[in-house]
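Along the sequence shown, residues are numbered consecutively beginning with 1. Both backbone and side-chain heavy atoms feed into the values below; hydrogens, waters and symmetry mates do not. Since the structure is predicted, the reported quantities are computational estimates derived from the model, not experimental observations.
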Amino acid sequence: MTAAPLEVPVALLVFNRPDLTAKVFAQVRAAAPRRLFVIADGPRTEAERATCLAVRAEINVDWPCEVSTLYADTNLGCQARPASGIDWVFSHCEEAIFLEDDCVPSPAFFRYCGTLLERYRADERVMCIGGTSLFPGAPRPDESYYFSRYGTTWGWATWRRAWLHFDVGMSDWPRFKRARGMRDVFESREERWFWTALFDAQYEGRIVAWDYAWFFARLANGGLSTGPYTNLVANLGFRADATNTARMPALFERACVAHDEWTVAHPSHVLPNRDVDAFNLHAVFNPRGMTGVAMSHVRRLIEDVLPRRARS
């Protein structure tokens, strides 16, 4: 257990994987936050009830800590449960670190989040602190993290002031699209077509997720995310019982090892790193060649919805 307790509240989102929950909780326990929120979804079937209860039994807090729990009796799903749970967290605190049950942080992750939450607390340009790095490029000189229009939620943190822009139903999306807001956000026609199609599908309920609505909230408000050049969160969720990530693409191997090597070296300017953004578009999603490693439901969207001329 660390000598200095973590002052930033931690929120743990769990479901039905007790073995992974135990690994994540072990790192949370070592960080010893003074405030812990536990958000749990309920079982989809009666047979799943035992594993959901086993997950909750893994949360054994034995250090000085204020613990709050929000446990669902029935299954709310991977859109409503995280969204409502994060809303609940921010009804109690101004900032928080979020970990899902398959995202195992290194000790450096907590230092990184705490440092950046404090530094950018009043900077409206920064809306999300991401702990996962897929970007394989070299860091810029004297910088230990970057800014991006994209950003991951595999171990992340934010403030209430940023989350207030979040709307799981994306009610502002039609107005934003009519106002040609995507032209103000993306220079690339390909990028505009891809994200317009994806946001249409999210708004219409053809995608059931929460994180695309969070991405839209950041884009629509000129918000940036940070990412460390050294990956600080190991995603262990690429396995058969995952909802969207049963198979691990080779590109994500970088996200399976969490390093404890991060040191503070702030960028000189709060501007998106174009190399990082290009990597996210062309390697992670890759709407043109459809060889990227986007989640299966996004790949189906690309194949079925996105006009072919956007990929030509």
[atom1]/[X] to [atom2]/[Y] distance, rounded to the nearest 0.5 angstrom?
| X | Y | atom1 | atom2 | answer |
| --- | --- | --- | --- | --- |
| Glu7 | Leu117 | CD | CG | 13.0 Å |
| Asp41 | Cys52 | CG | SG | 7.0 Å |
| Glu187 | Arg274 | CD | CZ | 5.0 Å |
| Arg111 | Leu232 | CZ | CG | 8.5 Å |
| Leu99 | Gln27 | CG | CD | 9.5 Å |
| Leu12 | Leu36 | CG | CG | 6.5 Å |

Main-chain N/O of [Y] paired to [X] side chain as donor or acceptor, under 3.5 Å:
| X | Y | result |
| --- | --- | --- |
| Thr51 | Glu48 | yes |
| Thr69 | Tyr71 | no |
| Glu95 | Ala157 | no |
| Ser144 | Thr263 | yes |
| Arg161 | Asp123 | yes |

Can [Y] be reached from [X] by stepping across I, L, V, M, F, W or Y side chains whose heavy atoms are under 4.5 Å apart?
| X | Y | result |
| --- | --- | --- |
| Met182 | Tyr150 | yes |
| Leu6 | Trp156 | no |
| Val264 | Val270 | yes |
| Leu13 | Val28 | no |
| Phe37 | Ile86 | yes |

>> Trp195 vs Val185, test: side-chain contact (heavy atoms from CB on, under 4.5 Å). Steps then yes/no.
In response: CA-CA 11 Å; Trp195 287 107; Val185 174; over 6 Å; no
> Quick one: do the Thr21 and Arg56 side chains pair a donor with an acceptor below 3.5 Å?
Replying inline: no
>> Checking side-chain polar atoms at under 3.5 Å, does Trp154 have a donor or acceptor matched by the opposite partner on Asp102?
In response: no
Looking at every non-hydrogen atom in both residues, tell me the closest pair between [X] and [Y] and how far apart they are.
| X | Y | answer |
| --- | --- | --- |
| Glu58 | Ala22 | OE1-CB, 3.5 Å |
| Trp214 | Cys128 | NE1-SG, 3.9 Å |
| Trp88 | Ser91 | O-OG, 2.5 Å |
| Gly131 | Pro228 | O-CG, 3.5 Å |
| Val168 | Ala83 | CG2-CB, 3.9 Å |
| Thr115 | His266 | CG2-CE1, 4.0 Å |

Please examine the side chains of [Y] and [X], heavy atoms only from C-beta on, and report whether any two atoms are closer than 4.5 Å.
| X | Y | value |
| --- | --- | --- |
| Ser225 | Arg218 | yes |
| Arg149 | Phe186 | yes |
| Lys23 | Arg17 | no |
| Arg192 | Arg180 | no |
| Leu219 | Phe199 | yes |
| Met127 | Phe166 | no |
| Phe110 | Val8 | no |
| Tyr229 | Arg140 | yes |

> Checking side-chain contact (heavy atoms from CB on, under 4.5 Å) for the pair Asn16/Arg44: CA distance, chi angles, key distance, verdict?
Replying inline: CA-CA 10 Å; Asn16 67 349; Arg44 291 167 293 192; 3.3 Å; yes
>> Would you say CZ of Arg121 has more than 12 non-hydrogen atoms from neighbouring residues, nucleotides or ligands within 6.0 angstrom?
In response: yes
>> Does Glu143 have more than 12 heavy atoms from other residues, nucleotides or ligands lying within 6.0 Å of its CD?
In response: yes
> Using the ring of each side chain (for Trp, its six-membered ring), is Tyr146 parallel, tilted or perpendicular to Phe135, with breaks at 30° and 60°?
Replying inline: perpendicular
>> Can you tell me how the ring of Trp262 sits relative to the ring of Tyr112, calling it parallel under 30°, perpendicular over 60° and tilted otherwise?
In response: perpendicular
> Does NZ or CZ of Arg81 lie under 6.0 Å from the centre of the six-membered ring of Phe15, at an angle within 45° of the ring axis?
Replying inline: no
> Can Glu66 and Arg34 be said to form a salt bridge (charged side-chain N to carboxylate O under 4.0 Å, His left out), step by step?
Replying inline: CA-CA 6 Å; Glu66 181 181 353; Arg34 295 186 184 277; over 6 Å; no
>> Assess the residue pair Val61 and Phe25 against the criterion (side-chain contact (heavy atoms from CB on, under 4.5 Å)); give the C-alpha distance rounded to whole Å, side-chain angles, the decisive distance to 0.1 Å, and a yes or no.
In response: CA-CA 9 Å; Val61 176; Phe25 183 72; 4.1 Å; yes
> Between Thr158 and Phe90, does a side-chain contact (heavy atoms from CB on, under 4.5 Å) hold up when you go through it step by step?
Replying inline: CA-CA 10 Å; Thr158 193; Phe90 284 120; 3.6 Å; yes
> Can the ring centres of Phe176 and Phe216 be said to be less than 6.0 Å apart?
Replying inline: yes
> Where do Glu46 and Arg49 land on the salt bridge (charged side-chain N to carboxylate O under 4.0 Å, His left out) test, with the steps shown first?
Replying inline: CA-CA 5 Å; Glu46 190 58 34; Arg49 187 171 300 278; 3.1 Å; yes
>> The test is salt bridge (charged side-chain N to carboxylate O under 4.0 Å, His left out); show your working for Arg206 and Asp200 and say whether it passes.
In response: CA-CA 8 Å; Arg206 289 180 283 126; Asp200 277 341; 5.7 Å; no
>> Under the rule for ring-ring contact (aromatic ring centres under 6.0 Å, His included), what residues qualify as partners of Trp159, not counting sequence neighbours?
In response: none
> Only one of Asp277, Val126, Asn273 forms a side-chain contact (heavy atoms from CB on, under 4.5 Å) with Phe147, so which one is it?
Replying inline: Val126
